[in-house]
Each structure stands twice: as C-alpha cells, then as structure tokens.
> 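Starting off with a structure, shown below.
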Amino acid sequence: MSVLPLVFTSGWASGINAYAVVLLLGVFGATGVSDEVPEALRSPGVLIAAGVLFACEAVADKIPYVDSVWDTAHTVVRPVSGAWVAALLAGQSGSLPEVAAGAVGGTTALASHAVKAGTRMAVNTSPEPFSNVLVSTAEDLGVGGVVSFAMFHPRAAAVIAGVLLLLGLVLLLFLASRIRRFRRRRAQRREERRLAAGRSPD
C-alpha cells in the first residue's frame with residue numbers, strides 16, 4: 001500500500017501541532033503498534049524532545065495573543081517538520097520518492113498552519129480567554145485522533161484530513177474581517193508602545 005495517505009495526514013497534522021505528530025508516531029513505533037514508523041522517530045532523544053516541546057506548545061497555545069506569537073515563530077518549523085516526517089515515512093516504505101513525499105507533507109503542513117494561525121487571530125478578537133482553550137484543546141484532540149486513526153486506516157484518515165483542511169480554508173474566508181481586526185489591534189498596540197517609549201525620560 002502506498003504511504004501517500006499517511007504522508008498527507010501527517011502533513012496536515014504537522015501544520016497544527018508538529019510536536020504532537022512526532023511524539024505520537026514515535027510512541028506508535030517504539031511500542032510496536034506500527035512497523036511503518038522510521039527508526040529516527042522512535043529514538044529516545046527524539047521522543048523526549050518532542051514531549052518537552054509538545055508540553056510547551058500545550059501551554060502557549062492556550063494563552064490569547066501568545067498563541068499567535070507562537071504560530072508566527074512556527075511558520076517555518078511546522079512545514080519543515082511536515083516535510084521531514086513525510087520524507088522519513090516515504091524512505092521507510094519505499095513506495096514513494098522521498099522528495100515527492102517531502103513536498104506533499106510540507107505543502108499540506110503549510111496550508112493547515114495557515115488555517116490554524118488565521119483562526120487564532122480571529123479567536124483573539126474575542127474579549128474572553130476561554131475560546132482559546134477550547135479551540136486549542138479541540139485541535140490537540142483532532143490531531144491525536146486523526147493520526148492514531150491513520151495508523152490503522154490511512155486512506156480514511158487522509159480523507160478526513162482533506163475534508164478538515166478544506167473546511168478550515170473556507171472558514172478563513174468567513175473570518176477574514178476578524179483577522180484584519182486582530183492585525184489592526186496589534187499594530188495599534190505596537191504604536192502605543194512606541195509612543196510610550198518615546199515619551200519616557202532617558
């Protein structure tokens with residue numbers, strides 16, 4: 001069976017939470033749940049690093065505005081991680097060229113990252129902080145559920161990931177005005193800090 005469905009699914013999930021994907025795949029491989037997980041993802045060092053970074057993201061991702069700063073910092077990390085995981089999966093199975101797999105995984109991760117980051121900007125226009133926790137928790141559970149499902153039903157999981165990605169892109173169009181509002185507020189805060197710094201005594 002081609003590894004392409006798993007590559008696509010892991011790419012989608014990496015765009016939302018790259019560390020969770022590496023951690024889950026590593027655990028599945030280390031425990032013998034799946035033989036398709038490359039050795040590199042099963043190593044103790046990778047598992048520990050992914051676990052620590054996942055814990056950091058689990059906290060940062062639930063704090064208003066901090067989550068958007070975190071997303072900005074991971075604009076490169078998530079697509080690169082998606083491409084790396086995809087290339088490793090392709091190399092393990094031998095059914096898909098590693099370069100092609102990396103392109104699919106990285107592109108899919110970039111698209112889902114854009115959905116995640118844009119959605120968070122819209123959520124941050126809400127005055128209450130609880131929506132961030134709810135959205136972040138739903139994302140974590142979604143990534144965990146779909147990646148776990150992909151271990152046993154890769155094609156069905158790929159279909160689910162594709163539908164979620166499409167729905168997310170459509171949602172971004174509806175949230176465009178709130179995203180612009182978030183950017184205006186952030187620019188206004190930066191200007192206020194700049195003016196305050198200019199008025200402060202030396």
> Hey, any chance L89 and V22 share a hydrophobic cluster, counting ILVMFWY side chains that come within less than 4.5 Å of each other, even indirectly?
yes
> Do NZ/NE/NH1/NH2 and the carboxylate oxygens of E57 and K62 come within less than 4.0 Å?
no
> Is there a chain of hydrophobic side chains (I, L, V, M, F, W, Y, each step under 4.5 Å between heavy atoms) that links V27 to L41?
no
> Would you call the rings of W70 and H74 parallel, tilted or perpendicular if under 30° counts as parallel and over 60° as perpendicular?
parallel
> When you group the ILVMFWY residues by side-chain heavy-atom contacts below 4.5 Å and let the links chain together, are L172 and L166 in the same group?
no
> Is there a chain of hydrophobic side chains (I, L, V, M, F, W, Y, each step under 4.5 Å between heavy atoms) that links Y19 to V146?
no
> Measuring only between side-chain heavy atoms, which start at C-beta, is V46 closer than 4.5 Å to S43?
yes
> Indicate the atoms forming the closest heavy-atom contact of V21 with A13, along with that distance.
CG2-CB, 3.3 Å
> When rounded to the nearest 0.5 angstrom, what is the spacing between CG in L96 and CG in L6?
11.0 Å
> Got a second to check how far F8's CZ is from T108's OG1, nearest 0.5 Å?
5.0 Å
> Excluding sequence neighbours, so at least two apart, what forms salt bridge (charged side-chain N to carboxylate O under 4.0 Å, His left out) with D61?
K116, R120
> Within the side chain of S136, is there an N or O that forms a donor-acceptor pair under 3.5 Å with the backbone of V133?
no
